[in-house]
S.K.: 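Can you read through this structure? Questions will come right after.
Both ligands and their constituent atoms are indexed starting at 1 by order of listing. Only heavy atoms go into these numbers, but all of them, side chains included; no hydrogens, no water, no symmetry mates. Since this is a predicted model, take the numbers as computed values, not measurements.
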Amino acid sequence: MTFIIAIDGPAASGKGTLARRLAEHFNLPHLDTGLTYRAVGHALMQVGLPLDDEELAAEVAANLDLGALDKTVLSAHDIGEAASKVAVMSKVRAVLVEAQRKFAASGSGAVLDGRDIATVVCPNADIKLFVTASTSVRAHRRFDEIVNKGGVADMGEISADIQRRDERDSARADSPLRQAPDAHLIDTSKMDIETAFRTALALVEQAKAAK
Ligand code: C5P
């Protein structure tokens, strides 16, 4: 019996932490699909190539090794911006979605988080969660994350970056950020991570019991 947990939501909503915690709890493999788009943006940036060449970006995507995604490097705030630029390209999405589906189908289940997991990558997931939080809460979280790692951050800039990325991710034609009609909404604006985790866990347990 396979069990797929699909988690979507905007930048810094807490979906990644929830996905990791759920994967640990249920001993399932976890794929942060944002890292796949980040890896494409990062690879292009590193060699000084443009972020608006669809053929080139799709070629980079096709050569990506999902097992070698370096979260420490790829999590950098500015790589998120590059990722959202290559993520509007259908050819890039087609390649990455195929790899993500392979990951989801490779074992007895998986946890995937991103923007289009419940709507496109795994529309038949056993449980779908849409994790969100207000823009200001998300900007504060991203700010704290950067500062806690010893970095320097500007609250106004971060807030603007998050809004721009939300706008690009929601407005694109191919697989925009949307809550699937059958996804459960978890608004973490007023929740600490433990409360968010317990809320998500209860929903997943319910879906497991019903299967
Ligand atoms: O989740 P994260 O912030 O790492 O994602 C970086 C960018 O990758 C997002 O802003 C979005 O443009 C893109 N992305 C996507 N589809 C996914 C995951 C991420 O378009 N499933």
S.K.: Please enumerate all residues that pass side-chain contact (heavy atoms from CB on, under 4.5 Å) together with Ala87, with sequence neighbours excluded.
M.R.: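 Partners of Ala87 under the side-chain contact (heavy atoms from CB on, under 4.5 Å) test: Tyr37, Arg93, Arg172.
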
S.K.: Only one of Arg165, Arg164, Gln163 forms a side-chain contact (heavy atoms from CB on, under 4.5 Å) with Asp161, so which one is it?
M.R.: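 Filter result, single survivor: Arg164.
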
S.K.: Mind telling me whether Phe3 and Phe26 have parallel, tilted or perpendicular rings, with 30° and 60° as the class edges?
M.R.: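 Judged by the thresholds at 30° and 60°, the geometry between Phe26 and Phe3 is tilted.
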
S.K.: Salt bridge check: are Glu205 and Lys208 linked by an N-O gap of less than 4.0 Å?
M.R.: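 Salt bridge flag = no for Lys208 with Glu205.
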
S.K.: Students should find this: residues with any non-hydrogen atom under 4.0 Å from ligand 1. What is the answer?
M.R.: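 Ligand 1 pocket, heavy atoms under 4.0 Å: Lys15, Thr33, Gly34, Tyr37, Arg38, Ala83, Ser84, Ala87, Arg93, Gly114, Arg115, Asp116, Arg165, Asp169, Arg172.
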
S.K.: Using 0.5 Å steps for rounding, measure from the OG atom of Ser84 to the CG atom of Leu177.
M.R.: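 CG of Leu177 is found 11.5 Å from OG of Ser84.
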
S.K.: Give the minimum heavy-atom separation between Ala58 and Lys91, together with the two atoms involved.
M.R.: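 Of all heavy-atom pairs spanning Ala58 and Lys91, the closest is CB-CB, 3.8 Å.
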
